[in-house]
*Asks:* 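Provided herewith is a single structure, encoded as structure tokens, for subsequent inquiry.
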Amino acid sequence: MDMEHHISEDITLTPIHLDYVQDIFEGFDKDVIQYLPLDEPPSQVDDTRAFVEHSITQMASGNDLVWVILYQNSFAGCCGRKRRKSTGPYYLLTPQMRSTQTQARGD
């Protein structure tokens, strides 16, 4: 089953993959992780690799759905949905992507 979703000409959701470890590590700074159960951003790329591997395992078991957000084919963030009791999807965008959204809305 192809789980890639083309939201628009510019935005694609693609299943999380180890190819994005470095992008996630670099993109999830202190401003982004404030929405996660973390005190500070991961200090080592291996910590991010463990997160991605866990996410892949959770997807394979049917517990979670986790995508990488691509904006014009460049990493912009991650989003996901837990299959367990959850209040809704979560979205984690890099500061650059949040700035792009703000500009697009005219804020």
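Hydrogens, waters and symmetry mates are skipped; everything else that's a heavy atom, side chains included, is used. For clarity, every value in this text was computed on a predicted model and none was experimentally measured.
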*Asks:* Is the shortest side-chain heavy-atom distance between Ile69 and Leu13 below 4.5 Å?
*Replies:*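 Side chain of Ile69 against side chain of Leu13, heavy atoms only: contact under 4.5 Å found.
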*Asks:* Can you check whether Leu70 reaches Ile11 side chain to side chain, under 4.5 Å on heavy atoms?
*Replies:*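 With C-beta onward as the side chain, the pair stays apart.
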*Asks:* What's the verdict on side-chain contact (heavy atoms from CB on, under 4.5 Å) for Val66 and Gln58, showing C-alpha distance, side-chain angles and the deciding distance?
*Replies:* CA-CA 9 Å; Val66 184; Gln58 290 297 96; over 6 Å; no
*Asks:* Kindly indicate, with the supporting measurements, whether the criterion side-chain contact (heavy atoms from CB on, under 4.5 Å) is fulfilled by Cys78 and Tyr20.
*Replies:* CA-CA 10 Å; Cys78 291; Tyr20 296 104; over 6 Å; no
*Asks:* If we ignore hydrogens and angles and just use 3.5 Å, is the side chain of His17 paired with the main-chain N or O of Asp19 as donor and acceptor?
*Replies:*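 Checked: pair present.
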*Asks:* Going through the distances and angles, do Val68 and Phe75 end up as a side-chain contact (heavy atoms from CB on, under 4.5 Å)?
*Replies:* CA-CA 7 Å; Val68 168; Phe75 177 80; 3.5 Å; yes
*Asks:* Kindly say whether Met3 contributes a backbone atom to a donor-acceptor pair with the side chain of Trp67 at under 3.5 angstrom?
*Replies:*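 Yes; at least one donor-acceptor contact below 3.5 Å.
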*Asks:* Side chains of Leu18 and Glu53: closer than 4.5 Å at any heavy-atom pair?
*Replies:*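 Answer yes - side chains close enough.
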*Asks:* What do you reckon, is CD of Gln72 surrounded by more than 12 foreign heavy atoms closer than 6.0 Å?
*Replies:*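 Yes.
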*Asks:* Hey, are Ser8 and Asp10 close enough side-chain-wise for a donor-acceptor pair under 3.5 Å?
*Replies:*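 The answer is no; no qualifying pair exists.
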*Asks:* With side-chain contact (heavy atoms from CB on, under 4.5 Å) as the test, would you mind laying out the steps for Val45 and Gln22 before giving the verdict?
*Replies:* CA-CA 7 Å; Val45 74; Gln22 191 66 37; 3.5 Å; yes
*Asks:* Should Ile16 and Met59 count as side-chain neighbours, where that means a heavy-atom distance under 4.5 Å?
*Replies:*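 The answer is yes; the side chains approach within 4.5 Å.
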